[in-house]
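Every value quoted in this text rests on a predicted model; they were computed, and no experiment measured them. The figures that follow rest on heavy atoms only: side chains count, while hydrogens, waters and symmetry mates do not. Each chain gets a letter, A, B and so on, in the order the sequences are listed, and its residues count up from 1.
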Amino acid sequence: MLKLYNTFSKNVENFDPISKDGFVRIYSCGMTVQDTPHIGHIRALITVDILRRVLKLSEYSLFSVYNFTDIDDKLITKMGESHIDYRIISQRNIDEFFEVFNNLNILPFDVYPRATGHIEEIIELISKLLEKGFAYKSGDDIYFSVSKFKEYGKLSGKRLDDLIEGKRVEVNQNKENPLDFVLWKGARDNEPYWYSPFGKGRPGWHIECSAMSMKYLGESFDIHAGGKDLIFPHHENEIAQSECATGKPFAKYWIHNGMVNLKGEKMSKSLGNVFKAKELLKLYGPNVLRFFLYKTHYRKDIEFSKERVEEAKTAFKRLVPYISENFEEDNIEVDIYKDFKNALEDDLNTPEALGIIFETVNMINKKEKEENLLKNTLCRMYKDLGFIFVKKEKDDLTEQLVEVLLKIRESMKKEKNYQMADLIREELKKRKIVINDLKDGVTWKIED
RNA sequence: GGCGGUAUAGCCAAGUGGUAAGGCGACGGUCUGCAAAACCGUUAUUCUCCGGUUCAAAUCCGGAUGCCGCCUCCA
């Protein structure tokens with residue numbers, strides 16, 4: 001039985017999809033594409049990825065959506081600064097997103113909708129909210145009236161009174177209530193705009209997610225996922241808009257992943273680059289990054305540091321020798337696999353699942369059970385978690401040259417010319433070729 | 001100020017009533033010309049603190065304290 005923590009109830013709940021057709025409908029709150037993806041986006045992506053992988057293990061079929069918010073204030077600011085059209089900026093970032101996405105081996109989504117491709121749906125939704133009296137026009141803008149929705153705050157646990165008393169609520173003369181949020185922004189000078197019954201303008205933040213999720217998944221759907229920083233106001237506002245427009249409950253389960261924070265170190269230029277998804281992938285590769293994130297439960301915050309990732313890299317290396325694409329998927333140690341699956345079905349407990357994997361590795365080393373069975377089990381678990389099977393191709397010429405050098409080195413060792421033998425070892429190591437002198441011969445491998 | 005989360009070894013991190021998974025590091029060992037790698041072993045009488053419930057608590061209840069996030073754009 002799959003259990004998931006639901007932000008809505010603040011409890012781990014048994015997962016019970018709305019529709020009994022075997023399909024689980026998932027909306028993953030994607031990027032606002034004003035910038036390139038960073039480690040935080042990777043974490044959100046890996047979270048919704050393991051969620052979907054576990055749903056599949058639990059034999060559900062999926063229909064999943066990942067959106068791009070490709071028009072917003074920051075994008076417009078960037079356009080002003082760079083004099084590059086916002087569509088070019090957002091497209092570049094989306095391209096990089098997909099590069100990262102493919103590299104990470106994320107399960108494909110069924111649809112990748114963009115806000116600017118759904119202006120009609122957005123306008124329809126706003127019109128409906130105006131008709132029903134949940135929204136009002138003020139100046140050139142349309143606002144959602146928070147006080148009209150009695151249940152406002154039910155996701156984040158915030159109360160309207162507390163929010164109003166807080167100091168951080170922005171003052172805006174156009175709003176009836178300072179907490180009201182904009183659904184449609186009237187066009188200012190030099191800003192992109194679309195035509196609508198309420199004048200030239202563009203959608204506000206929040207409304208695009210309601211419009212797109214309901215278009216592809218229906219008015220009520222199973223899972224809405226995203227970073228926990230989105231709980232308020234983004235997801236709270238999505239619920240308000242959607243439920244006021246349809247009169248039906250919006251998403252049933254709200255899954256939120258923890259943040260990736262930078263501690264101690266300032267977001268310096270160099271670190272800032274390392275923080276970028278593409279840069280991290282170049283440095284560590286998809287498996288190590290995935291492993292690094294799996295080491296901590298998805299709901300817990302992570303303090304990011306290179307040391308932690310290096311540590312993950314060292315640990316991950318212990319698995320690699322046992323991993324092969326060609327394994328018998330059904331010839332496995334059932335008890336171990338059952339524990340593994342149970343761990344994942346218990347609110348995606350990847351740290352525990354990794355623990356089981358290492359226990360299996362230790363069993364192989366101690367020859368506690370039939371090796372082949374354990375290796376198959378290991379490969380199966382490895383595959384379930386979405387790791388990539390990597391084939392290290394040694395190219396022909398390199399192979400021959402290294403063999404020649406090793407022969408020379410062997411004869412030097414026989415002559416007790418250890419100085420030269422060690423020199424060869426060092427020089428090869430500089431070129432990422434690592435020699436292991438074992439009892440019965442020499443092996444070598446190319447390091448990542 | 002409000003809301004939410006969290007506190008487990010040197011570090012990272014699972015564990016929601018039955019006596020502390022796993023990883024990194026460190027130390028010891030096997031192997032070795034030496035090293036590295038690999039493997040084996042050791043590494044928390046104790047879970048922030050103070051009370052309480054219970055035969056039994058890291059786990060439940062009450063209180064205190066620290067840290068983090070959100071409340072403004074954010075995955």
Side-chain angles (χ1 to χ4, degrees), chain A residues 5 7 10 12 28-32 34-35 37-48 69 72-75 77 153 155-170 179 205 225-236 256-261 263 277 291-292 294-303 305 307-319 321 339 343 346 349-362 364-367 412-414 416-419 421-422 425-426 429 434-440 442-445 447:
Chain A
Y5 180 89
T7 308
K10 295 183 182 64
V12 177
S28 180
C29 235
M31 293 179 66
T32 41
Q34 10 122 344
D35 215 334
H38 54 68
I39 180 67
H41 296 112
I42 290 186
R43 185 165 199 208
L45 214 41
I46 291 287
T47 301
V48 75
T69 299
D72 83 318
D73 289 358
K74 280 196 177 171
L75 215 38
T77 309
L155 179 71
S156 58
K158 292 183 191 303
R159 299 183 314 129
L160 280 178
D161 300 347
D162 294 337
L163 287 164
I164 291 163
E165 282 165 18
K167 294 170 187 170
R168 287 167 176 260
V169 177
E170 76 180 279
L179 290 166
W205 190 41
K228 73 172 186 183
D229 53 343
L230 296 178
I231 295 172
F232 190 89
H234 187 53
H235 289 160
E236 195 69 72
H256 291 104
N257 61 272
M259 301 289 97
V260 181
N261 300 320
K263 199 181 182 181
F291 184 89
F292 165 72
Y294 281 169
K295 267 167 54 78
T296 306
H297 186 86
Y298 77 94
R299 277 194 278 126
K300 213 172 157 180
D301 290 350
I302 297 178
E303 295 297 341
S305 78
E307 287 69 31
R308 289 286 88 72
V309 189
E310 288 292 343
E311 188 185 301
K313 187 178 170 183
T314 308
F316 184 77
K317 271 207 280 200
R318 288 188 48 203
L319 303 181
D339 288 348
D346 181 14
N349 195 338
T350 53
E352 195 181 330
L354 290 182
I356 292 164
I357 282 183
F358 278 100
E359 279 169 359
T360 309
V361 169
N362 291 335
I364 294 175
N365 290 331
K366 289 181 201 167
K367 305 192 189 316
M412 285 171 172
K413 277 172 73 178
K414 272 181 192 142
K416 300 207 187 293
N417 185 353
Y418 293 122
Q419 214 177 347
D422 290 349
R425 184 167 68 195
E426 278 162 35
K429 190 170 183 185
V434 180
I435 294 172
N436 292 324
D437 289 320
L438 301 173
K439 207 188 260 179
D440 45 1
V442 185
T443 65
W444 63 279
K445 63 176 181 184
E447 283 232 305

Residue pair [X] / [Y]: nearest heavy atoms and the distance that separates them:
| X | Y | value |
| --- | --- | --- |
| A/Gly40 | A/Val260 | CA-CG2, 4.4 Å |
| A/Cys29 | A/Leu230 | CB-CD1, 3.8 Å |
| A/Leu319 | A/Val361 | CD2-CG2, 3.6 Å |
| A/Asn362 | A/Arg318 | OD1-NH2, 2.9 Å |

*Got a sec, which residues hit side chain to side chain donor-acceptor pair (under 3.5 Å) with A/Asp339, two or more places apart in sequence or on another chain?*
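Result, side chain to side chain donor-acceptor pair (under 3.5 Å) vs A/Asp339: none returned.
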Pick base, sugar-phosphate or nothing for [X], based on heavy-atom distances below 4.0 Å to the nucleic acid.
| X | answer |
| --- | --- |
| A/Ile231 | nothing |
| A/Thr443 | nothing |
| A/Gly153 | nothing |

[X] side chain: which of [options] is closest?
| X | options | answer |
| --- | --- | --- |
| A/Ala315 | B/C24, B/G5, B/C68 | B/C24 |
| A/His41 | B/A75, B/C3, B/G69 | B/A75 |
| A/Gln34 | B/C73, B/G4, B/C70 | B/C73 |

*Are the side chains of A/Tyr298 and A/Tyr5 in touch, meaning some heavy atoms are under 4.5 Å apart?*
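The answer is yes, as the side chains (C-beta and beyond) meet within the 4.5 Å cut-off.
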*So what is the 5' to 3' dot-bracket string for RNA chain B, if pairs are Watson-Crick or G-U wobble with both distances under 3.5 Å, crossing pairs use [ ] and | means the partner sits on another strand?*
((((((((.[[[..)..(...]]]((((((.......))))))....[[[[[..)....]]]]])))))))....
*asked:* Would you say NZ of A/Lys10 has more than 12 non-hydrogen atoms from neighbouring residues, nucleotides or ligands within 6.0 angstrom?
replied: yes
Roughly how many Å apart are [M] and [N], using the [atom1] atom of each and rounding to a whole number?
| N | M | atom1 | value |
| --- | --- | --- | --- |
| B/A7 | B/G25 | C1' | 22 Å |
| B/C68 | B/C27 | P | 33 Å |
| B/G2 | B/G10 | P | 35 Å |
| B/A44 | B/C40 | C1' | 22 Å |
| B/U16 | B/C61 | P | 14 Å |
| B/C24 | B/A37 | P | 12 Å |
| B/G22 | B/A9 | P | 16 Å |

*asked:* Please report the distance, rounded to the nearest Å, between NE2 in A/His38 and C1' in B/C73.
replied: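 Nearest whole value for this atom pair: 11 Å.
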*Please give, in whole Å, the distance from B/U72 C1' to A/His234 NE2?*
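Value for this atom pair: 15 Å.
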Could you go over nucleotides 58-61 of chain B and give all protein N or O partners under 3.5 Å, atom names and distances?
none

*asked:* Please determine whether a side-chain nitrogen or oxygen atom of A/Thr32 lies at a distance below 4.0 Å from atom OP1 or OP2 of B/A75.
replied: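 Checking A/Thr32 against B/A75: at least one side-chain N or O falls below 4.0 Å of OP1 or OP2.
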*asked:* Generate the contact string for nucleotides 11-17 of chain B. Rules: B means base contact, S means sugar-phosphate contact only, - means no protein heavy atom under 4.0 Å.
replied: SSSSS--
*For nucleotides 32-40 of chain B, read 5' to 3', which letter fits each nucleotide if B means a protein heavy atom sits under 4.0 Å from the base, S means only the sugar-phosphate is that close, and - means neither?*
-BBBBB-SS
*asked:* The criterion is ring-ring contact (aromatic ring centres under 6.0 Å, His included); which residues satisfy it with A/His41, sequence neighbours excluded?
replied: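 ring-ring contact (aromatic ring centres under 6.0 Å, His included) list for A/His41, sorted by chain: A/His38.
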*Answer yes when A/Asp35 and A/Lys74 have at least one side-chain N-carboxylate O distance shorter than 4.0 Å, and no when they do not.*
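Result for this pair is no, no salt bridge flagged.
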*Select from A/Lys228 and A/Tyr5 the residue whose nearest nucleotide in RNA chain B is closer to the 5' end of that strand.*
A/Tyr5
